Amino acid sequence: MELPGINYLNSLVKRRWPFLIFIAVIIFFPVVISSYSIVRLGVVLAIYAIIITGMTVLTRYLGIVSLGHAGFFAIGAYTSSILCVKLEINPWLAMIGAALLTVVIAFLFCVPFLKLRHIYLGMATLGLGQVVYILSKSMDNLTGGAAGFADIPYLQIGSLLFDEDKYLFYLAGFILIIFTFIVDNLGQMRLGRAYHAIQSNEKAARASGINVQKNMLHVFCFSAFLASIAGSILAHFITFISPESFTMDISFACLIIILIGGANIWSTLITAVILLGFQEAVRGLHDFSTGVYALLLIVTFFVFPDGLASVIFPRSKAAKKKSKLYSRDIPENLKSSEVKNNTGKILEVNDVSFNYGGTQALLNISLSVEYNQIMGIIGPNGAGKTTLLNILNGFLMPLNGTIKYQNTDITHKQVHELAKMKIARTFQLVNLFKGMTVIENVMVGRHLKGKTGIFRSGLNLKTSRDEEHIIWDGAVKSLESLGLMHRAYDIVDNLSFGEQRQVELARALALEPDLLLLDEPAAGLNTAETEKLADNLRNIRDQGITIILVEHNMPLVMSVSDTVFVLNFGMSIACGTPEFVCKEEKVITAYLGKEAKNVS
Ligand code: ATP
């Protein structure tokens, strides 16, 4: 008979073996290594690894490239030193104060700059790093200028003074262990999926209820916080700092390590140890090490663009493993779907217009949709159908008019707010999160079922584990309702087009919507798939979910819709039952042609 303790130990070792090895390395490194200079190098490595840990979430999980984290490193080091030396504040409090100040600065930086993307955001962070560097050089009275800032006190706990490298290594190692644990967990949970979703497809992420700006802000501040802590430890370790300790080279080196390491904290830490160790070994040959970094980066981009992680921990295997993390049998009471029984109008659009520059896409559109109905929206190419859907779920704001949903004015609400109000959608071109499994994609659709932030999620507390179970249960339910569960652990990239469309529908259903907006869901489907889609749409409607269906496939629209709304050149030309619309002269002339008679 096996003891439960042994089972737990087995599963702990199975799940957390890299982490356990890492803890052992931190504990035994100063014991085994007798060389003073190597232990000192270990401290420096641990300090840089703290910055790299935060930057991994920012760059590899979320896709934001920062070229200015040396700035936050410097703010942490200088603030902590100034508070200790000039204001005689306890070094630990100074360290916390410095970290808080850094977070405030990071927040203020984000307000105007996080709207930027890609290279523009990278350039803004580069500017930030340079501004901090110049200020540290020019504010002689405060920072000591180019001559540096000396006599920074050691950290101390009771009678234990952190003046020995060994102690400093344990301190930096302990902080690194905590944040590595947080970052490793984050990558496997709701927030990690949200970050991947933002990086992979921001539009679909927003439609799934993810507040992109807020998540970016949190991660940016989190990574700045870690850089600041690392800076403070450095200052109290070497007791002297100068602007040359915080040049752009540090930001570049950290970034290169992350790009080579990939989206896995372990491969990134291995890369950091190898590259920083190598840099130290050829310390006198600065140009040589820079050349090697550049060469490695080029090789990485050509051979394994997703970094070392894709070689050591292949994406598909890692994604499957992550997907199964919270798998369990769904409780019986969750299997049956409750049918919503609302009556009246769910949506009222009044006099809405929109134009793209000189193109009038919609003109004075008014329509209303009843609960538990399917409204088909048809019209020729360019009639304004997608524009109308984009307005209904907040991607576009109407120029005039109002939109009421469940008796609430939603005219100026944003996409993620509307997702929270249970408006879900699919897109004309399939928008999935590539590199993730089917079930992970659908789990993103349940993002709003969780509330835990970076720390609670990263520390794997019970609340966040419970959230994962709720999210997993709902995702399975959604996949089962569309008969897709057998594909749950496949990477979405490997699915057929028809299956990908179904995954998108499953993700939208996972949000448990009251209103579902579908943009040409039958485009690219074969006859059998289209028939299956028609059945699915009727089932969804019968569960009390209202559907607005934009579609060019007339047999499908006419067979499933309760009402059909017709657009032409951005204007409404008819609205009524499918039979009524098919006979309307204006609709036949503008869109249906003579085929209409066959369809009806
Ligand atoms: P389709 O059936 O081909 O998808 P649609 O009915 O969905 O067409 P929309 O995509 O809403 O039509 O386009 C309405 C009008 O707005 C068209 O004239 C289109 O060219 C124009 N339009 C759409 N998107 C943009 C854009 N981003 N910038 C400028 N014009 C646009």
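Given the structure is predicted, the values throughout are model-derived calculations rather than measurements.
From Ile52, atom CD1 reaches atom CD1 of Ile265 across 8.5 Å, with rounding to the nearest 0.5 Å.
The pair Lys477-Asp473 fails the salt-bridge criterion, with no side-chain N (NZ, NE, NH1 or NH2) lying under 4.0 Å from an Asp/Glu carboxylate O. Under a 4.0 Å N-O distance rule, the pair Lys385/Glu520 does not qualify as a salt bridge. In this structure, Arg193 pairs ionically with Glu468, as a charged nitrogen and a carboxylate oxygen lie closer than 4.0 Å. With salt bridges taken as basic N to acidic carboxylate O contacts below 4.0 Å, one links Asp562 and Arg541. Salt-bridge check for Lys532 with Asp535: failed, with every basic side-chain N at 4.0 Å or more from each acidic carboxylate O.
Residues Phe181 and Arg16 meet the side-chain proximity criterion, which asks for heavy atoms closer than 4.5 Å. Contact of the Thr563 side chain with the Ile374 side chain is not registered, since no non-hydrogen atoms from C-beta on lie closer than 4.5 Å. No side-chain heavy atom of Ile377 sits under 4.5 Å from any side-chain heavy atom of Val557. Between Phe220 and Leu217 there is no side-chain heavy-atom pair separated by less than 4.5 Å. Taking the side chain as every heavy atom from C-beta outward, Thr300 and Leu308 never approach each other to under 4.5 Å. Between Asp519 and Arg425, the closest side-chain pair of non-hydrogen atoms falls below 4.5 Å. Gln500 is listed as a side-chain neighbour of Leu432, based on a closest heavy-atom distance under 4.5 Å. In this structure, Ile545 and Leu515 have side chains that are not in contact, with every pair of non-hydrogen atoms separated by 4.5 Å or more.
The six-membered or imidazole ring of Phe222 lies near that of Phe455, with a centre-to-centre distance under 6.0 Å. Side-chain rings of Phe354 and Tyr356 approach one another, their centers coming within less than 6.0 Å.
Taking both residues in full, the closest heavy atoms of Ala309 and Ser267 are given as CB-OG, 3.3 Å, listed atom of the first, atom of the second, then distance.
Cation-pi contact between Arg501 and Phe427: absent, since separation from the ring centre below 6.0 Å together with deviation from the ring axis within 45° is not met.
Side-chain atoms of Glu499 and Ser496 form a donor-acceptor pair, as typed in the model, at a separation below 3.5 Å. Side-chain N/O atoms of Glu370 and Thr546 include no donor and acceptor closer than 3.5 Å.
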